[in-house]
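This report concerns only the one structure given below.
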Amino acid sequence: MHPSTPSETGRGSWGGAGRPEPSGAYPPPGRPGHGAPEEPYEPALRHDDEPVDDDLDLVEEVPVRRPLSLAVAGFSALLGSGLILSAFASGPSERLPLTLTIFAVQVLFVLAWTMAVRPPAMWLIAGVALVVAAGADYAAVTSEVAALAPLGYVAVGGFAAAVIAQLARRANRSEVTESIGSTLVIVVGVVAFAALIVLSRHPAGTQAILVCLTAAAVALTVARLVDAFWARPRLAPQVPRGAAGVVAGAMTGTLTAAVLGSYIVHLTPTSGAVIGLVTAAAAVLVDLSTGYAEAGRLMAGEAPTMWLARHLQGPLGAFALAAPVAYATSMIFL
């Protein structure tokens with residue numbers, strides 16, 4: 001009998017165990033036995049069943065409009081220059097130029113932010129905010145002590161009045177909860193501008209306004225100019241801003257404040273750089289955050305706001321934060 005002759009055992013059996021295996025044959029792929037490696041069986045994919053790479057599904061970048069970035073840069077420079085010149089035009093007994101300029105900026109702030117944020121009872125909140133702005137300016141000019149405490153009282157009273165006025169409306173009370181955050185931001189923002197009036201009453205307040213607002217204006221202007229020509233690397237595809245502009249603006253504002261600090265009596269280049277860094281960084285971050293807020297509203301499906309309001313929102317919010325920052329840093333270094 002030849003070795004290749006199959007065994008008679010199990011012949012005619014229908015079981016798989018007794019079925020003869022031809023000599024030299026290998027089991028099919030994926031089937032164990034006879035020392036053959038077990039390999040997972042993967043069916044062939046058709047062309048239309050090929051897995052899709054998630055990286056190909058990228059979010060389209062929002063284009064950067066160069067004329068718009070240049071216009072916002074010009075507005076930032078104009079706003080900072082107006083506040084600085086009005087501060088130098090005011091004196092110890094004549095603060096009307098600065099007060100009128102501050103109130104005009106407060107009106108712009110209220111209109112831009114209410115139309116951009118669009119809280120429930122928008123015009124009611126805008127009216128209360130304008131009354132709060134006038135009250136904060138009056139308290140900043142007429143208070144016996146040049147301090148921020150009277151402004152805090154006005155802000156608390158204005159916020160409470162806005163909430164009570166919304167509760168008195170015959171509308172869904174849940175809207176009041178939705179508008180609390182936006183109402184607080186608008187009321188505190190208009191009151192923050194009045195801190196410049198209080199700061200101008202201090203002996204070295206005008207110098208502090210010069211250094212801080214110049215740093216903020218230069219930072220905002222440079223950041224927008226860089227974005228107009230090279231908005232890279234993009235911080236988010238939905239936001240038409242670049243990291244290069246934000247960093248360049250903050251560093252340029254810091255350098256400008258350091259240079260001014262070398263010419264002001266109560267400052268040094270080091271203290272001027274610290275003041276400029278804090279103010280410039282705060283300004284550019286507020287300006288950048290408004291872009292993220294607008295992108296979030298668009299992604300949530302809300303209708304776009306008035307284009308003028310949403311583009312003025314950033315610089316106005318930046319100077320609103322720069323005012324109390326200037327007051328705080330001047331109390332430390334001057």
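- Note: Phe109 CZ to Gln313 CD = 8.0 Å, rounded to the nearest 0.5 Å.
- Between atom OG1 of residue Thr329 and atom CG of residue Leu277 there is a gap of 11.5 Å, rounded to the nearest 0.5 Å.
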Can I get a per-line list of side-chain donor-acceptor pairs under 3.5 Å for residues 188-198, giving both atom names and the distance, sequence neighbours left out?
none

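- Heavy atoms only, all atoms of each residue included: Ser271 and Phe333 are closest at CB-CD2, 3.7 Å.
- Contact detail for Gly291 and Val239: the closest heavy-atom pair is O-CG2, 4.0 Å.
- With hydrogens and angles disregarded, no donor-acceptor distance shorter than 3.5 Å links the side chain of Arg65 to the backbone of Leu68.
- For residues 275-303, no residue pair satisfies the ring pair (Phe, Tyr, Trp, His ring centres under 6.0 Å) rule, not counting sequence neighbours.
- If you chain together ILVMFWY residues whose side-chain heavy atoms come under 4.5 Å of each other, Leu100 ends up grouped with Leu96.
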Kindly determine whether Thr268 and Ser262 satisfy side-chain contact (heavy atoms from CB on, under 4.5 Å), including the steps that lead there.
CA-CA 5 Å; Thr268 63; Ser262 62; over 6 Å; no

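- Asp137 CG to Leu151 CG: the interatomic distance, rounded to the nearest 0.5 Å, is 8.5 Å.
- Minimum heavy-atom separation, His311 to Pro315: O-CD, 3.5 Å.
- Heavy-atom minimum distance, Val132 versus Val154: O-CG1, 3.7 Å.
- Between Arg232 and Glu61 there is a salt bridge, since a side-chain N of the basic residue sits under 4.0 Å from a carboxylate O of the acidic one.
- Shown here for Ala112 and Leu312, the closest heavy-atom pair between the two residues is CB-CB, 4.4 Å.
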Side-chain donor-acceptor distances from residues 212-223 under 3.5 Å, at least two apart:
residue	atom	partner	partner atom	Å
Thr214	OG1	Leu210	O	2.4
Thr221	OG1	Ala217	O	2.7

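- Aromatic rings from His202 and Tyr327 are positioned such that their centres are separated by under 6.0 Å.
- Leu225 and Leu78 end up in different hydrophobic clusters when Ile, Leu, Val, Met, Phe, Trp and Tyr side chains are linked at under 4.5 Å.
- In this structure, Pro240 and Val62 approach most closely via the heavy-atom pair CB-O, 4.3 Å.
- To the nearest 0.5 Å, atoms CG (Leu98) and CZ (Arg201) are separated by 12.0 Å.
- Rounding to the nearest 0.5 Å gives a distance of 11.0 Å between CG of Leu108 and CZ of Phe103.
- Atoms CZ and OG, on Arg95 and Ser86 in that order, are 13.0 Å from each other to the nearest 0.5 Å.
- Under the 4.5 Å side-chain heavy-atom criterion for ILVMFWY residues, no single connected hydrophobic cluster contains both Val64 and Trp307.
- Among residues two or more places apart in sequence or in another chain, the salt bridge (charged side-chain N to carboxylate O under 4.0 Å, His left out) test is passed with Arg224 by Asp287.
- Cluster annotation: Val156 and Leu148 are assigned to distinct hydrophobic clusters (Ile/Leu/Val/Met/Phe/Trp/Tyr, side-chain heavy-atom contacts under 4.5 Å, transitive).
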Side-chain donor-acceptor pairs under 3.5 Å in residues 114-121, sequence neighbours left out?
residue	atom	partner	partner atom	Å
Thr114	OG1	Val110	O	2.5
Thr114	OG1	Leu111	O	3.3
Arg118	NH1	Ala303	O	3.4
Arg118	NH2	Ala303	O	2.5

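- Heavy-atom neighbours of Tyr263 OH from other residues, nucleotides or ligands within 6.0 Å: at or below the threshold of 12.
- No path of Ile, Leu, Val, Met, Phe, Trp and Tyr side chains, each step under 4.5 Å between heavy atoms, connects Ile275 with Met251, placing them in separate hydrophobic clusters.
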